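Down below is the structure, laid out as structure tokens.
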Amino acid sequence: MSILETERLMTEHEEKLITRADESYLVERLKKGDESAFKLIVETRKDLVFNTALGLLQNAEDAEDITQEVFIKVYESVHQFKGESAFSTWLYKIAVTKSLELIRSRKRKKRFAFITGILGENNELRHDPPEFHHPGVQLDNRERAATLFNSISKLPENQRVAFTLHKVEGVPYQEISEIMQVSISAVESLIHRAKNNLRKDLEIYYQKNR
Amino acid sequence: MQQQEDIQRQIDLTMGSLDGMSKAEAPAFLYTRLMARMESGTDSIWTRSLSFLARPAVALTILFVFLLINGYLIMTSLNQTEENIQQDYVAQQISYFDTNSPNP
């Protein structure tokens, strides 16, 4: 594939047309330090990374920050990519890892929120995230989806990742198992438990907010 | 009963609220901002070092090693002190013996 052809793909945003063989070619070019290959990878895969990070972090600014970090990581450690899995799987892995690192860091900060709350101006509680509205949700489902995202944020880490990847990013079970490095049955179990936990949490929510 | 059914209906609707959602698009000019970030190289060696040291596992390991060295030094100094006391005692005994013996 020539540079002109890949540029055409980029300008037309036909990321689905970039096959695994094309990706391998791009990765090889990136390993050789080709910046146009890097640009093409960013332009064709930025939505995948951003949507994954947004689903997990539930904050657009954080998601953009993590998206940038993911591509910096790709640029710096592309030599470690052996091509054993799809390039998109590798990207998902990095995006999930980076997002979870940020979530853990936020949780640590939240534990000390009462201290910063005392020290902060007007005693405002600055660590409680606002209601999250995903831009891809249909307008009539907006409020319900925000309620669901709030419940998702309370799920254990593994269930949260599996459920979000499947429901928000539409990743099939097979690829989720590769991303999370667990068996397919484990993914099924995680999603099943996630749904049960979400139903329990929503039941409490609707009992309180009747 | 009716209330419970109503709650279950609300839960079903909420659980299905993400069905048919479209994917979020990354902000415009992400590549430009990414390149600016990479070129600025905000993560200096000091920033990286501090962020590495701030990791809980690293910080706890350093603390543990610090306490271990401290403990070792305290134990060593205590042993030395006991030995010194014994040596002083022996020295005093000898000197006492020396001063009181008319013809050693």
Side-chain angles (χ1 to χ4, degrees), chain A residues 13 35 38-40 42-43 45-55 60-61 63-65 67-72 75-76 104-105 108 134-138 140-149 151-152 163-164 167-170 195 198-207 209-210, chain B residues 1-70:
Chain A
H13 294 282
E35 284 197 11
F38 180 61
K39 185 178 183 183
L40 188 54
V42 173
E43 293 295 348
R45 291 293 180 230
K46 63 183 181 184
D47 291 346
L48 175 152
V49 176
F50 180 76
N51 195 48
T52 306
L54 186 65
E61 284 175 15
E64 186 186 348
D65 200 41
T67 305
Q68 289 184 11
E69 282 186 24
V70 168
F71 285 114
I72 291 170
Y75 189 80
E76 287 172 348
R104 285 176 202 141
S105 148
R108 278 200 297 274
H134 192 287
V137 172
Q138 290 164 358
D140 50 346
N141 278 332
R142 200 175 141 90
E143 290 306 317
R144 286 188 188 282
T147 309
L148 183 58
F149 270 113
S151 295
I152 291 170
F163 186 84
T164 307
K167 205 75 178 172
V168 178
E169 185 57 25
K195 283 179 181 172
L198 288 172
R199 293 191 81 88
K200 280 179 198 168
D201 190 66
L202 288 171
E203 189 166 356
I204 294 165
Y205 173 81
Y206 283 117
Q207 276 171 351
N209 298 282
R210 265 193 307 216
Chain B
M1 188 65 185
Q2 180 62 35
Q3 282 178 345
Q4 188 59 29
E5 278 177 13
D6 189 47
I7 287 172
Q8 287 305 318
R9 195 178 58 83
Q10 296 281 355
I11 292 170
D12 289 339
L13 287 170
T14 306
M15 287 296 286
S17 62
L18 300 185
D19 292 344
M21 70 183 289
S22 54
K23 291 183 183 179
E25 286 182 11
F29 310 112
L30 185 119
Y31 181 76
T32 313
R33 284 199 291 276
L34 173 64
M35 290 312 287
R37 185 171 169 175
M38 287 172 79
E39 280 164 15
S40 68
T42 47
D43 285 356
S44 67
I45 185 75
W46 290 109
T47 316
R48 286 185 188 185
S49 305
L50 284 173
S51 65
F52 176 74
L53 290 172
R55 287 182 189 175
V58 177
L60 285 173
T61 309
I62 291 169
L63 182 68
F64 179 72
V65 170
F66 179 75
L67 289 174
L68 206 69
I69 292 168
N70 258 346

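In what follows, every heavy atom counts, from backbone to side chain, and hydrogens, waters and symmetry copies are set aside. Please read all numbers here as calculations on a predicted model, not as lab measurements. Numbers restart at 1 for each chain; the letters A, B, ... are given by sequence-line order, proteins then strands.
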Contacts of Phe52(B) that satisfy side chain to side chain contact (heavy atoms under 4.5 Å, CB included) - sequence neighbours left out: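 Scan of Phe52(B) (side chain to side chain contact (heavy atoms under 4.5 Å, CB included), adjacent residues dropped) gives Arg55(B), Val58(B).
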Minimal non-hydrogen separation, [X] against [Y], with atom names:
{"X": "Ile152(A)", "Y": "Leu198(A)", "answer": "N-CD2, 3.6 Å"}
{"X": "Phe163(A)", "Y": "Lys195(A)", "answer": "CE1-CG, 3.9 Å"}
{"X": "Phe50(A)", "Y": "Ala63(A)", "answer": "CE1-CB, 3.6 Å"}
{"X": "Gly55(A)", "Y": "Phe149(A)", "answer": "O-CE2, 4.1 Å"}

Those residues of residues 20-29 of chain B, ordered by number, that approach chain A below 4.5 Å (heavy atom to heavy atom):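 Residues Gly20(B), Met21(B), Ser22(B), Lys23(B), Ala24(B), Glu25(B), Ala26(B), Pro27(B) are the ones that qualify, each having a heavy atom under 4.5 Å from chain A.
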Audit row: Arg45(A), Phe71(A), side chain to side chain contact (heavy atoms under 4.5 Å, CB included) steps and yes/no: CA-CA 9 Å; Arg45(A) 291 293 180 230; Phe71(A) 285 114; 4.2 Å; yes
Answer with side chain, backbone, both or neither: which region of [X] has an atom nearer than 4.5 Å to a non-hydrogen atom of chain B?
{"X": "Leu148(A)", "answer": "both"}
{"X": "Tyr205(A)", "answer": "neither"}
{"X": "Val49(A)", "answer": "neither"}
{"X": "Asp201(A)", "answer": "neither"}
{"X": "Glu61(A)", "answer": "neither"}
{"X": "Gln138(A)", "answer": "side chain"}
{"X": "Val137(A)", "answer": "both"}

Pair Tyr206(A)-Thr14(B), side-chain donor/acceptor within less than 3.5 Å: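 Note: Tyr206(A) and Thr14(B) side chains meet the donor-acceptor criterion.
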Pairing residues for Arg9(B) by the salt bridge (charged side-chain N to carboxylate O under 4.0 Å, His left out) criterion, not counting sequence neighbours: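 Residues passing salt bridge (charged side-chain N to carboxylate O under 4.0 Å, His left out) with Arg9(B): Asp6(B).
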Gln8(B) and Arg199(A): CA distance, side-chain angles, deciding distance, side chain to side chain contact (heavy atoms under 4.5 Å, CB included) verdict: CA-CA 9 Å; Gln8(B) 287 305 318; Arg199(A) 293 191 81 88; 3.6 Å; yes
Pick from Glu64(A), His134(A), Arg144(A) with the largest number of heavy-atom pairs that fall under 4.5 Å of chain B: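 Highest number of heavy-atom pairs under 4.5 Å: Arg144(A).
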Leading residue by heavy atom contact count with chain B [cutoff under 4.5 Å; candidates Glu35(A), Glu143(A), Lys167(A)]: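 Option with the greatest count: Lys167(A).
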Partners meeting ring pair (Phe, Tyr, Trp, His ring centres under 6.0 Å) with Tyr31(B) (sequence neighbours left out):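 In terms of ring pair (Phe, Tyr, Trp, His ring centres under 6.0 Å), with neighbours along the sequence ignored, Tyr31(B) is linked to no residue.
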